[in-house]
There are 2 protein chains.
Amino acid sequence: MINYELYKVFYWAAKTGSLTQAAKALFLTQPSVSHAIKQLEDSFGVTLFYRNSKGVALTHEGAVLYSYIEQSQILISLAEKKMAELKNLDSGELKIGGSDSLFKHYLLPFLEDFHRQHPGITLSLIHGTTPEVITFLKEGRIDLGVVRMPIVDPQLEVREGIQLQDCFVAGAHYAELKNKTMSFNMLLQYPIILFSRNSRARMAVTELFHDYGYELKPEIEVGSVDLLIELARKGLGISYVTREFVSKELEEGSLFEIRLDVQLPPSQVGIMIMRNMPLSSAAKTFIERVR
Amino acid sequence: MINYELYKVFYWAAKTGSLTQAAKALFLTQPSVSHAIKQLEDSFGVTLFYRNSKGVALTHEGAVLYSYIEQSQILISLAEKKMAELKNLDSGELKIGGSDSLFKHYLLPFLEDFHRQHPGITLSLIHGTTPEVITFLKEGRIDLGVVRMPIVDPQLEVREGIQLQDCFVAGAHYAELKNKTMSFNMLLQYPIILFSRNSRARMAVTELFHDYGYELKPEIEVGSVDLLIELARKGLGISYVTREFVSKELEEGSLFEIRLDVQLPPSQVGIMIMRNMPLSSAAKTFIERVR
DNA sequence: AGGAGATATAGACGGTATCTATGATCAATT
DNA sequence: AATTGATCATAGATACCGTCTATATCTCCT
């Protein structure tokens, strides 16, 4: 089998029309190039160059070979350029899985920053529930996932992100509850609005109530955090939301937090990646920035 | 600079999805392949494969590289296949320069034979006078030339071919000259038809007459051997032609040779190639066959 | 738990790619 | 015609590195 390194030498010899020039381009000596060409000629059993005192010129056979090798070498240089781009984050793709609310309230500043610094990298945000995101990750459809902890999966490696605090909030309609400390029992007298069944936060709070001997059953169930907030503002009930996601509404007073006599458990955001799987350069730097 | 040999290894590893399989395809051991891939990854600073117990799979970066390298490697294999074809004379081109009459009366059987054995090779017959053929040869427009000897040119290498004998012939109109031995003087009483001025044979015979103290001036001058023959048959004069080229007409009696008291000099056909220039495989074998 | 199959690592060896030095050839210049 | 300055070719020595064997590590499957 022919050593492909020889084609590199052949390419430069043909391109420059001189073994000496080829040697310079390849940081070799002229005899090395001469030897390499000879090897190629011997293995094909064909003469590739006419030699004269001015340099070399392709024979018909050499020209045929060159027509293929030139393309081949050009592709390789393109490949090398592309790889350098990927390495330098001048091009590439970064695919992140998670929930829209986490993208919006947690990742957004990092994403903005990253995109400003590496405009050549395409950002793909793929929406999904926690189990879906885990599947995406395992199928290689995303580089990393952003979800609520805890995640227990031996195939995954999770880094803790910021801590979030879920809470119950209500709007002006329930103004009488403001500054009142309530028990679970009292709370359950009011219509409750929860996120859809398969959400991590929903499951956690349901379980908490269960531990205290109560059943948390929502009046209304919605599929988007924005809707959760909107319904609470309109006075349709008391929504269970992440405090950090309604900071604006709490500040402006369109929503207020229900004070409870029980401390609701905080939830940790985690950035998860596949364990023992290499990260793309883009993913690597992005995760570093987020920490 | 990256050793292009590594791309060959990368190609097979990606293609087979297994370092072990790649090693088999390349007649290497698995550690060699593993090492080669590592080298590539190190020089790009990027991970190219996910490794697991089933084999390897391309990372995003690896897939990008593969999209280039695959094409490149395919081109190289095509090149190698093509070179083998050229070597085996399954494809290629053979360009020969010379006069139409030499092609027709001398080279034709060889050409037929060669073409039958190597139908993949394109035959190009390029018509020209001796000096033109020499120019073609020096410019690389033909592989070899077939001309009358002698050729004196230090850049050329000439092999002798068959010997030809020029002679004067006439048709039925001059039947009285048949079997008569004539002198130059007698011959000059008749209208002479000669080939155009710059022909090798014409120059030789003119010089011969001159040496004997005669001036050979044609009544008619033509540019094709066929015409030379035709005019003689029609009785417009006595043509100076190559005997081997009118063997058919001499046999069937439509022409007869004028017997002279002086032996006309024979002329040698030569196959000429560039000295110190490599021949294409096609040209090499063709010349060998002609000998 | 153990085996089969994958890749990674370590260290030794040998082939060969590369170098230096020199020769041969040609072309242009003096 | 001799000289100079290019080119490529050849020979022989050296050292690098590509490849090997042996072994470790990991994962999956029985």
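Computed over heavy atoms, backbone and side chain alike; hydrogens, waters and symmetry mates excluded. Residue numbers start from 1 in every chain, and the chains themselves are labelled A, B, ... in the order their sequence lines are given, proteins ahead of strands.
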Pairwise side-chain contact, A:Y7 with A:S72, heavy-atom cut-off 4.5 Å (strictly under) | no

Should the pair A:K284-B:E61 be classified as a salt bridge under the 4.0 Å nitrogen-to-oxygen rule?
-> no

Nearest-0.5 Å distance that lies between atom CD1 in B:I96 and atom CG in B:L125 = 6.0 Å

Proximity to the side chain of B:S34 - top-ranked nucleotide from C:dT7, D:dA9, C:dA28 | C:dT7

Check: D:dA9 base within 3.5 Å donor-acceptor of A:Q30 side chain = yes

Bend angle of the helix from C:dA1-D:dT30 to C:dT30-D:dA1, from helix axes over five pairs at each end, nearest 10° | 30°

C:dA17 phosphate, OP1 or OP2, under 4.0 Å from A:S32 side-chain N/O = no

Comparing A:P31 with A:K54, nearest DNA chain D nucleotide closer to 5' gives the residue A:K54

Are more than 12 heavy atoms from other residues, nucleotides or ligands located less than 6.0 Å from atom CD of A:E207?
-> no

Rounded to whole Å, the CZ-P distance (B:R51 to C:dG5) equals 21 Å

Is A:T20 near enough to D:dC8 that one of its side-chain N or O atoms lies under 4.0 angstrom from OP1 or OP2?
-> yes

Could you check how far CE of A:M1 sits from C1' of D:dG18, rounded to whole Å?
-> 15 Å

Taking only the side-chain nitrogens and oxygens of A:Q39, find out if one of them lies under 4.0 Å from OP1 or OP2 of C:dT16.
-> no

Euclidean distance, atom CG of residue A:L19 to atom P of C:dT18 [Å, nearest integer] | 14 Å

Hey, does the side chain of A:T29 come within less than 4.0 Å of C:dC19's phosphate (OP1/OP2), counting only N and O?
-> yes

Residue whose nearest DNA chain D nucleotide is more 5′ - A:K38 or A:G55 | A:G55

What is the distance, rounded to the nearest whole Å, between atom OH of B:Y7 and atom P of D:dG18?
-> 14 Å

Please report the C-alpha distance between A:E41 and A:R51 in whole Å, then the side-chain angles of each, then the deciding distance to 0.1 Å, and finally whether the salt bridge (Lys or Arg N to Asp or Glu O under 4.0 Å) criterion is met.
-> CA-CA 13 Å; A:E41 290 182 327; A:R51 278 86 161 166; 2.8 Å; yes

On the 0 to 90° scale, with breaks at 30° and 60°, tag the B:F49-B:F10 ring pair as parallel, tilted or perpendicular.
-> tilted

Full working for salt bridge (Lys or Arg N to Asp or Glu O under 4.0 Å) between A:K8 and A:E80 = CA-CA 14 Å; A:K8 179 158 60 182; A:E80 291 178 346; over 6 Å; no

